[in-house]
4 protein chains.
Amino acid sequence: MAAILEATAQVLESEGYERTTTSRIAERAGVSVGSLYQYFPTKDALVAELVERHFDEVSSRMLGTLAELGEASAEAAVEVIVEAIVDLHRPHPVRHGAFNELLLRMDGLELLDRFGAHVEAAVAEVLAQRREPLGLADPELSAQVLCRAVSGLVRTTLRRDPERFADPAFQRELARLIHRYLL
Amino acid sequence: MAAILEATAQVLESEGYERTTTSRIAERAGVSVGSLYQYFPTKDALVAELVERHFDEVSSRMLGTLAELGEASAEAAVEVIVEAIVDLHRPHPVRHGAFNELLLRMDGLELLDRFGAHVEAAVAEVLAQRREPLGLADPELSAQVLCRAVSGLVRTTLRRDPERFADPAFQRELARLIHRYLL
Amino acid sequence: MAAILEATAQVLESEGYERTTTSRIAERAGVSVGSLYQYFPTKDALVAELVERHFDEVSSRMLGTLAELGEASAEAAVEVIVEAIVDLHRPHPVRHGAFNELLLRMDGLELLDRFGAHVEAAVAEVLAQRREPLGLADPELSAQVLCRAVSGLVRTTLRRDPERFADPAFQRELARLIHRYLL
Amino acid sequence: MAAILEATAQVLESEGYERTTTSRIAERAGVSVGSLYQYFPTKDALVAELVERHFDEVSSRMLGTLAELGEASAEAAVEVIVEAIVDLHRPHPVRHGAFNELLLRMDGLELLDRFGAHVEAAVAEVLAQRREPLGLADPELSAQVLCRAVSGLVRTTLRRDPERFADPAFQRELARLIHRYLL
DNA sequence: CATGAATGAGACTTCATTCAT
DNA sequence: TATGAATGAAGTCTCATTCAT
């Protein structure tokens with residue numbers, strides 16, 4: 001079952017969604033289509049499970065990072081967060097890009113929205129705790145704007161210049177974007 | 001032909017890409033499949049044409065706005081740009097979202113990249129002209145970061161809360177994101 | 001109308017049957033599809049007319065040659081016939097080949113059979129007139145065998161080495177085939 | 001798979017090429033279109049396979065017969081060959097006719113030419129061995145002429161009077177054609 | 001009469017899913 | 001439980017033919 005999920009990820013990453021068929025997945029996983037359907041009722045369920053796991057991990061890592069910020073200074077906090085984002089995407093930038101694309105094909109995009117909402121809420125909470133020093137009128141709105149801007153930047157860069165993530169200049173600008181927005 | 005393009009946009013908007021078939025398009029356009037193929041050699045060509053037109057318009061409107069900034073103050077310039085972005089997306093927010101999704105399905109994403117690179121270059125130029133007062137070390141990088149962050153914010157909001165575009169608070173935050181990033 | 005028939009022949013010759021469409025024919029003829037259907041009720045009717053004309057000409061030329069043999073010696077007669085066959089195919093060998101292929105696509109092959117039967121009958125008559133000197137038991141059967149063998153040789157050569165028709169060695173062998181068979 | 005090939009042959013034989021569709025084949029074979037495409041990548045590949053098998057058999061049987069001629073007298077050799085030709089076509093004359101038609105539709109006719117060239121070469125070899133007693137100037141040319149004439153006769157007869165193959169008179173004339181041509 | 005845009009039946013092919021072995 | 005051949009709905013595209021202009 002893990003093999004099937006991994007095979008799906010690989011096929012998705014190397015062939016693209018359109019060319020990702022159940023037979024190809026089974027072949028890559030070294031099992032038969034039949035076995036695939038023993039574990040997943042549907043192709044969509046398989047893909048959904050994969051995407052869910054992916055974003056659960058992304059989500060929990062970001063949430064973990066946010067939880068550990070504690071009383072850190074704004075500057076330090078931003079630095080930690082940027083580092084987390086970079087560490088998260090550096091190992092498999094292309095695969096992350098593929099999963100982001102994937103989300104858009106899934107009905108209703110509930111998954112992405114669920115994940116996005118989750119992270120946005122966590123960020124909102126962090127911002128609410130620092131409301132006064134930052135002078136934020138509406139921490140929830142700020143969290144939304146910030147999360148969407150940052151993830152858009154990450155997503156596009158992932159797709160257009162994946163290697164950019166290793167560039168300190170890029171990381172500096174990412175930190176600047178966050179830091180300045182929050183003043 | 002215009003009817004076919006419009007029908008394609010409608011089907012895409014209401015049914016999503018996966019359910020957008022040539023027959024459905026033809027039906028919605030009130031013509032037969034044959035007619036569709038009289039004007040477009042391929043389903044992909046049809047969609048590509050549609051997307052191209054859409055982003056040509058978006059692109060040219062944004063480029064026009066940038067060209068008119070002239071010597072305006074940074075504050076005024078940001079205000080004008082935000083207004084342009086909002087005006088651009090307010091009329092058909094859902095459709096804009098659909099087109100953004102669509103881009104990701106097209107081979108190589110050349111179109112989006114072409115469009116994105118185009119706008120990024122124009123923004124880089126504007127920033128380069130104001131390099132000193134803004135204290136920008138690398139206007140090109142700043143343009144990339146800014147464009148990707150802003151379009152990510154716009155894209156996600158388009159999908160999750162399209163009506164948000166009418167909210168002055170959102171517009172204020174968008175302006176703030178840009179303004180603060182550039183100092 | 002002549003233009004349409006000629007265009008059909010050209011398209012058939014250059015593109016092959018599978019790629020011969022009514023639009024291509026109309027385009028080559030410099031008219032519209034509509035005009036084409038003004039003169040021919042059906043694509044098949046158009047092709048049939050073309051084939052009919054072609055074989056009417058072939059047929060009548062061969063029949064004319066046979067009629068002129070008169071009392072000529074067997075040797076002279078064979079020489080005249082071979083010359084006629086060669087003269088008939090030399091100008092447009094490829095087109096003749098195309099028409100032969102074409103025949104096989106037409107329903108029931110009535111046309112080819114009608115033409116073939118016609119020529120076979122004429123040859124049978126000539127052979128019947130010379131029954132005794134040639135020592136023929138069944139001139140009708142001999143005519144069939146001879147005609148089918150000769151036209152098979154011509155057909156295959158037309159397709160595989162069209163230029164062969166100009167080769168005197170080939171012509172000699174063709175004459176030999178006929179002459180020897182009849183003793 | 002054998003069932004599919006057999007069904008294809010049957011449909012081809014009874015309906016003609018134009019009316020031979022993948023669905024009809026599948027239906028006749030008692031399977032679904034899907035199964036058909038499990039074994040053959042393309043309709044053309046299926047037909048090609050069928051034709052190839054057919055002509056491989058025809059070819060190898062004729063080649064075998066030629067190889068067994070040994071030192072037999074010319075008369076005996078001709079008799080053996082005619083018998084082989086007749087035995088080959090008598091069981092399914094109509095199907096043989098259908099396959100001959102079929103060849104002409106296949107791209108480039110490579111198959112027929114390959115088969116034809118093969119047999120012509122074998123015949124040329126046999127003739128070359130008997131060059132002197134037969135007084136042949138150019139055994140290769142003679143082989144070509146002979147093969148094309150004979151196969152033309154066979155083909156046409158197959159199509160117009162298939163039952164003729166059982167007639168001793170026809171067989172006598174076929175032998176005569178060959179024998180006399182070679183003197 | 002000519003035109004050519006429109007039509008739509010139907011061909012080929014794919015692939016998610018099932019089920020007998 | 002695993003297998004993978006079989007299924008068939010559905011999609012894309014072609015082209016002979018029609019008919020309003």
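Residue numbers start from 1 in every chain, and the chains themselves are labelled A, B, ... in the order their sequence lines are given, proteins ahead of strands.
For B/Phe115, the ring pair (Phe, Tyr, Trp, His ring centres under 6.0 Å) partners two or more places apart in sequence, or in a different chain, are B/Phe55. With sequence neighbours left out, the side-chain contact (heavy atoms from CB on, under 4.5 Å) criterion links B/Arg155 to A/Thr156, B/Asn100, B/Ser151. Listed by chain and residue number, nothing satisfies the side-chain contact (heavy atoms from CB on, under 4.5 Å) test with D/Ser60 (two or more places apart in sequence, or in another chain).
Paired regions of DNA chain E, where each region holds three or more successive Watson-Crick or G-U pairs whose two hydrogen-bonding distances fall under 3.5 Å, are E:2-21 with F:2-21.
For D/Leu46 and E/dA11, the CG to P distance is 16 Å, given to the nearest whole Å. Rounded to an integer number of Å, the gap from CG of B/Asp44 to P of F/dG11 is 15 Å. With rounding to whole Å, C/Phe40 atom CZ is found 12 Å from E/dA2 atom P. Going from atom CD1 of B/Ile4 over to atom C1' of E/dA5 covers 11 Å, rounded to whole Å. Atom C1' of nucleotide F/dA16 and atom CD of C/Glu18 are separated by 14 Å, given to the nearest angstrom. Atom pair B/Met1:CE and E/dG4:C1' shows a separation of 17 Å (rounding to whole Å applied). Following rounding to the nearest Å, B/Leu36 (CG) and E/dT7 (P) show an atom-to-atom distance of 11 Å. If you take CD1 of A/Ile25 and C1' of F/dG4, they are 16 Å apart, rounded to a whole angstrom.
Between A/Ile4 and A/Ala29, the shortest heavy-atom contact is CA-CB, 4.1 Å. The heavy-atom pair separating C/Val11 from C/Ile25 by the smallest distance is CG2-CA, 4.2 Å.
Taking side-chain N and O atoms only, A/Tyr37 has a distance below 4.0 Å to OP1 or OP2 of E/dT17. Distances shown here put a side-chain N or O of A/Tyr39 below 4.0 Å from the OP1 or OP2 atom of F/dA2. Here D/Arg24 reaches the OP1 or OP2 of E/dA11: one of its side-chain N or O atoms lies under 4.0 Å away. Taking only side-chain nitrogens and oxygens, C/Thr42 never comes nearer than 4.0 Å to OP1 or OP2 of F/dA16. Under 4.0 angstrom from either OP1 or OP2 of F/dT1 there lies no side-chain N or O belonging to A/Gln38.
Between D/Tyr39 and D/Leu46, every side-chain heavy-atom pair lies at or beyond the 4.5 Å cut-off. Proximity of A/Phe99 to A/Leu50: side-chain heavy atoms (C-beta onward) are separated by under 4.5 Å at one or more points.
Under a 4.0 Å N-O distance rule, the pair C/Glu49/C/Arg53 qualifies as a salt bridge.
Distance from the side chain of D/Thr22 is smallest for E/dC12 among the nucleotides F/dT12, E/dC12, E/dT7.
Mapping B/Arg19 and C/Ser23 onto DNA chain F by nearest heavy atom places B/Arg19 at the nucleotide closer to the 5' end. Toward the 5′ end of DNA chain F lies the nearest nucleotide of A/Gly30, the other residue of the pair B/Lys43 and A/Gly30 mapping further downstream. Toward the 5' end of DNA chain E, the nearer of the two residues D/Pro41 and B/Val31, judged by each one's closest nucleotide, is B/Val31.
Residue pairs that meet the salt bridge (Lys or Arg N to Asp or Glu O under 4.0 Å) test with at least one member in residues 9-30 of chain B, sequence neighbours left out, are B/Glu13-B/Arg95, B/Glu18-B/Arg105.
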Filtered N/O pairs between nucleotides 8-10 of chain E and protein, under 3.5 Å:
none

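From D/Leu12, atom CG reaches atom NE2 of D/His54 across 11.0 Å, with rounding to the nearest 0.5 Å.
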